[in-house]
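Worksheet: the structure to be examined is printed underneath.
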Number of protein chains: 2
Amino acid sequence: MKITLKDVANAAGMSVTTVSRALNGFDDVAEITRDHIMHTASELGYAPNLNARRLKTQRADAFGLIVPNEDLRFSDPFFSELLSGIIDQISEYGLELNITTPTEKEQYEEIYLKYIRSRRVDGFILLRTVENDPRIALLQKHNFPFVCFGRSGDASDISFVDEDGETGIRQMIDHLVSLGHTRIGCLAEPRTLIKSRQRVQGYLDGLQAHGLPIDESLIVEGRFRQKSGQESTERLLNHVDPPTAIVAVNDLLAIGAMSAAQERGLVVGKDISITGFDGIPLSEYVTPALTTLHIPAHEMGQQLCKNLVQVMNSNGQERPKTVVQPKLIVRNSTGSAE
Amino acid sequence: MKITLKDVANAAGMSVTTVSRALNGFDDVAEITRDHIMHTASELGYAPNLNARRLKTQRADAFGLIVPNEDLRFSDPFFSELLSGIIDQISEYGLELNITTPTEKEQYEEIYLKYIRSRRVDGFILLRTVENDPRIALLQKHNFPFVCFGRSGDASDISFVDEDGETGIRQMIDHLVSLGHTRIGCLAEPRTLIKSRQRVQGYLDGLQAHGLPIDESLIVEGRFRQKSGQESTERLLNHVDPPTAIVAVNDLLAIGAMSAAQERGLVVGKDISITGFDGIPLSEYVTPALTTLHIPAHEMGQQLCKNLVQVMNSNGQERPKTVVQPKLIVRNSTGSAE
DNA sequence: TATTGACTCCGAAACGTTTCGGGTTATACT
DNA sequence: AGTATAACCCGAAACGTTTCGGAGTCAATA
């Protein structure tokens with residue numbers, strides 16, 4: 001049933017070696033025999049046994065993506081878009097993507113080790129980098145190719161794809177200030193995440209650039225999603241001197257914030273301005289439509305693969321870095337103060 | 001650098017055979033030597049080379065998920081949840097998930113063939129089944145294990161996981177009728193999809209059960225997402241005798257519909273009622289919150305894996321079928337007619 | 001004529017497992 | 001004492017590729 005190289009060789013009256021070389025495009029086989037071999041191969045429905053090939057070549061032709069076993073994960077539409085880009089590009093290259101998540105009892109580190117040792121993949125895409133990321137340390141120690149989504153502060157010379165969240169949020173502050181807002185709150189994610197930290201930094205820089213005072217009590221650190229945005233916003237609205245605008249570091253938080261404000265009878269875009277980050281498709285369809293910073297998740301996913309391939313092909317010599325600029329999209333969730 | 005079975009055997013002073021059998025839990029190795037072997041193995045940081053194992057055992061210990069190269073895909077939050085369930089369960093089993101998407105030039109069928117022949121995976125999870133699904137025919141012909149998300153009308157005895165969309169929508173109609181609605185529109189997906197067809201059937205049955213007339217012009221078939229929901233809704237609202245309630249077959253369509261209605265100055269939940277299907281997280285946070293039918297995407301993803309494992313373990317003898325009931329969640333996007 | 005080199009082709013080893021078919025002890029039973 | 005049995009262990013083959021090193025032709029060159 002299963003067609004092997006040997007079967008093709010027999011059928012074509014050639015040796016296994018020649019068939020292999022013909023099929024793999026080596027130039028030491030005559031055009032006519034190559035045609036003949038190709039023909040009988042497809043006639044028989046031959047496809048190479050990848051496990052044999054991988055054993056022999058010591059390459060898996062696959063990338064690994066180990067998804068943190070935490071909150072967010074898949075339910076973030078942004079992540080979905082990113083994943084979609086990764087998969088498109090990987091399929092384009094003819095590679096495979098191997099997605100896992102640590103089970104309850106598994107240590108985060110040991111799963112990476114297992115993957116490396118068992119030769120399952122030959123490169124990793126790292127998500128959600130944190131300061132002093134142990135995964136980066138581990139992979140560097142084993143000299144294993146990887147690329148990060150989001151740069152890492154400490155390990156500077158690694159390959160990554162990231163957006164310029166700092167500049168993005170600064171633009172957003174500019175936008176709000178130009179609308180007359182001077183008291184601006186911020187909904188942050190856990191500050192261990194580098195991405196979150198960058199965006200909060202943009203917030204601080206933005207205020208400073210406009211000579212506005214920094215009030216720590218207007219920065220609320222929560223989790224990632226709507227519920228958290230809702231809760232944090234309630235806290236901000238209960239403030240003795242509540243903000244007239246709220247900058248959320250992602251769209252889901254912003255949507256939660258809108259929902260909290262509307263719960264109180266506030267009209268978003270008029271009584272209060274709320275902004276997001278990421279530009280997920282839904283941001284356009286909530287009411288009012290959300291002013292946000294759009295980043296091209298799909299393209300970034302593709303870029304992750306491209307960078308990783310480059311790292312691997314150069315044997316770790318090259319470590320391409322990609323930074324994209326968020327694009328401010330003004331919609332109806334922001335309006336002039338008062 | 002790379003530790004093989006031989007290295008462990010040498011270090012432990014045992015044969016390769018014994019080391020292999022010890023590590024794989026065979027009972028013809030003495031407890032004491034097993035302990036010794038396990039110890040030296042973990043000492044050396046041994047992990048089996050999966051490609052060698054796979055070559056020998058002829059199993060990949062991996063499932064394939066080939067994502068259609070179309071519209072929807074990842075950006076649907078529902079799909080993300082489903083995927084998350086699949087991955088969790090697969091990781092739990094210690095298996096791998098291999099996600100791909102056909103590239104531009106690839107035929108849909110040939111990519112399945114390639115996967116089967118190259119021994120990459122030993123089972124498939126099929127998404128978005130259609131009537132007379134060629135993939136099902138192909139896999140059955142090759143006697144290859146698979147499980148479908150959504151049943152298939154024609155091929156009855158296959159393993160699947162599905163929700164009872166028909167009953168779900170019928171409940172929704174009950175709800176709307178109890179609010180006094182008699183003119184109810186429907187936003188459908190392309191009717192080639194079995195899921196979509198089921199839901200529309202529920203709509204028709206529901207109307208009929210209440211003795212309401214069926215007006216084909218109130219059924220708009222569009223694509224999958226918000227934009228489509230928006231456009232279709234505009235058409236419905238331009239109807240000479242527009243509906244007072246709109247049943248969308250998924251939440252994204254419903255959100256698009258809300259946005260279109262609000263654009264016209266209508267108050268959703270008062271001037272018009274709009275309902276969704278899926279119960280994605282966001283449905284709770286749009287304004288007004290969406291009345292919808294919730295289905296447990298994550299659990300269904302897990303169930304897909306469980307069913308597939310069962311199919312494989314029984315050598316295709318068993319073909320477990322799972323149907324879950326959607327749960328009606330009434331929120332503020334529906335209200336009494338007039 | 002002998003030599004060279006280009007062009008084709010092939011045998012055999014190797015990648016790291018699993019597993020079949022035994023083999024060697026030591027103990028238990030006649 | 002001899003033999004059967006259990007408990008433990010191992011050699012070698014096999015899975016299906018890739019690739020190293022060579023080997024045979026044939027035409028062109030010296």
Side-chain angles (χ1 to χ4, degrees), chain A residues 1-38 40-41 44-62 94 96 114-122, chain B residues 1-38 40-41 44-62 94 96 114-122:
Chain A
M1 180 66 233
K2 204 95 293 265
I3 305 297
T4 77
L5 219 43
K6 193 147 84 174
D7 298 325
V8 179
N10 286 342
M14 290 283 123
S15 78
V16 167
T17 303
T18 304
V19 173
S20 171
R21 297 183 76 80
L23 258 25
N24 285 306
F26 283 73
D27 63 355
D28 63 348
V29 21
E31 262 323 303
I32 177 153
T33 53
R34 181 197 307 281
D35 287 349
H36 176 222
I37 287 172
M38 301 262 265
T40 53
L44 295 177
Y46 169 77
N49 182 319
L50 285 193
N51 298 317
R53 169 180 292 175
R54 286 168 178 171
L55 172 60
K56 184 61 201 174
T57 62
Q58 307 277 41
R59 277 178 308 114
D61 287 325
E96 287 184 5
K114 206 174 74 185
Y115 263 65
I116 295 176
R117 289 182 175 153
S118 63
R119 292 261 112 114
R120 251 181 246 250
V121 298
D122 27 41
Chain B
M1 183 60 234
K2 203 98 291 266
I3 306 297
T4 78
L5 219 42
K6 193 148 85 171
D7 298 326
V8 178
N10 286 342
M14 292 281 123
S15 78
V16 166
T17 304
T18 304
V19 172
S20 171
R21 297 183 75 79
L23 258 25
N24 285 306
F26 284 73
D27 63 355
D28 65 346
V29 23
E31 264 322 304
I32 178 154
T33 52
R34 183 196 307 282
D35 286 350
H36 176 222
I37 286 171
M38 301 262 265
T40 53
L44 295 177
Y46 169 77
N49 181 319
L50 287 192
N51 298 318
R53 168 179 293 174
R54 286 169 177 170
L55 171 60
K56 183 62 203 175
T57 62
Q58 307 277 43
R59 278 181 305 115
D61 288 325
E96 287 184 5
K114 205 173 76 185
Y115 263 66
I116 295 177
R117 290 183 173 151
S118 63
R119 292 263 112 116
R120 253 180 245 249
V121 299
D122 27 41

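Numbered from 1 within each chain, the chains take letters A, B, ... in sequence-line order.
At a threshold of 4.5 Å between non-hydrogen side-chain atoms, the residues A:R54 and B:N49 do not count as touching. Between B:E96 and A:V121, every side-chain heavy-atom pair lies at or beyond the 4.5 Å cut-off. For the pair A:E31 and A:D35, the minimum side-chain heavy-atom distance is below 4.5 Å.
Distance B:R54 CZ to D:dT17 P: 16 Å, rounded to the nearest Å. Atoms CD1 (A:I3) and P (D:dC15) sit 15 Å apart, rounded to a whole Å. Atom CG of A:L23 and atom P of D:dT18 are 8 Å apart (whole Å). When the C1' atom of D:dA14 is taken as reference, atom NZ of A:K6 falls 10 Å away, rounded to whole Å. Look at CG on B:L50: it is 15 Å from C1' on D:dC15, rounded to the nearest Å. Across the protein-nucleic acid pair, B:L55 atom CG and D:dT17 atom P stand 9 Å apart, rounded to whole Å. Taking atom CG on B:N49 and atom C1' on D:dT17, their separation rounds to 13 Å, with Å as the unit. The distance from atom CG of B:D35 to atom P of D:dC8 is 12 Å, rounded to the nearest whole Å.
Heavy-atom minimum distance, B:A47 versus A:S118: CB-N, 4.2 Å. Between B:A22 and B:I37, the shortest heavy-atom contact is CB-CD1, 3.7 Å. Taking both residues in full, the closest heavy atoms of A:L44 and A:A11 are given as CD1-CB, 3.9 Å, listed atom of the first, atom of the second, then distance. In terms of heavy-atom proximity, A:L5 sits nearest to A:S20 at CD2-CB, 3.8 Å. Residues A:V16 and A:A9 come closest through the heavy atom pair N-CB, 3.8 Å.
When the side-chain nitrogen and oxygen atoms of A:N24 are compared with OP1 and OP2 of D:dT18, one or more of them lie within a distance under 4.0 Å. Of the side-chain N and O atoms in A:T57, none sit less than 4.0 angstrom from OP1 or OP2 of D:dT18.
Panel note: side chain B:R120, backbone A:L50; no donor-acceptor pair is recorded below 3.5 Å. Between the side chain of A:D7 and the main chain of A:T4, a donor-acceptor pair closer than 3.5 Å is present. Remark: side-chain polar atoms of B:R34 are paired, donor with acceptor, to backbone N or O of B:F26 under 3.5 angstrom.
Using a 4.0 Å heavy-atom cutoff across all strands shown, A:S20 reaches at least one base atom of the nucleic acid.
Closest to the B:Q58 side chain, of the nucleotides C:dT17, D:dG16, C:dC15, is D:dG16.
Inter-axis angle, ends of the helix from C:dT1-D:dA30 to C:dT30-D:dA1, five pairs per end, rounded to 10 degrees: 60°.
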Which atoms of nucleotides 4-6 of chain D (N or O only) lie under 3.5 Å from a protein N or O atom, and what are those distances?
none

Using atom names, set out every protein N or O paired with an N or O of nucleotides 8-11 of chain C below 3.5 Å, distance rounded to 0.1 Å.
{"unit_1": "C:dC9", "atom_1": "OP2", "unit_2": "A:A30", "atom_2": "N", "d": "3.0"}
{"unit_1": "C:dC9", "atom_1": "OP2", "unit_2": "A:T33", "atom_2": "OG1", "d": "2.7"}
{"unit_1": "C:dC9", "atom_1": "N4", "unit_2": "A:D28", "atom_2": "OD2", "d": "3.4"}
{"unit_1": "C:dC10", "atom_1": "OP2", "unit_2": "A:S15", "atom_2": "N", "d": "3.0"}
{"unit_1": "C:dC10", "atom_1": "OP2", "unit_2": "A:S15", "atom_2": "OG", "d": "3.2"}
{"unit_1": "C:dC10", "atom_1": "OP2", "unit_2": "A:T18", "atom_2": "OG1", "d": "2.7"}
{"unit_1": "C:dG11", "atom_1": "N7", "unit_2": "A:T17", "atom_2": "OG1", "d": "3.1"}
{"unit_1": "C:dG11", "atom_1": "O6", "unit_2": "A:T17", "atom_2": "OG1", "d": "2.9"}

Between protein and nucleotides 24-28 of chain C, what N or O pairs are separated by less than 3.5 Å?
none

At a cut-off of 3.5 Å, list every protein nitrogen or oxygen paired with a nitrogen or oxygen from nucleotides 4-6 of chain C, distance to 0.1 Å.
none

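Atom OG1 of B:T40 and atom OH of B:Y46 lie 11.0 Å apart (nearest 0.5 Å). One finds the CG atom of B:L55 at 8.0 Å from the OG1 atom of B:T57 (value rounded to the nearest 0.5 Å). The CG atom of B:N51 sits 15.5 Å away from atom NZ of B:K56, with the distance rounded to the nearest 0.5 Å.
In terms of the side-chain hydrogen bond (donor to acceptor under 3.5 Å, both in side chains) criterion, residue partners of A:R21 (sequence neighbours excluded) are, by chain and number, A:D28.
Enclosure of atom NZ in A:K2 by more than 12 non-hydrogen atoms of other residues, nucleotides or ligands within 6.0 angstrom is indicated.
Shown are A:T18, A:N10, A:T17; of these, the side chain to side chain contact (heavy atoms under 4.5 Å, CB included) with A:M14 is made only by A:T18.
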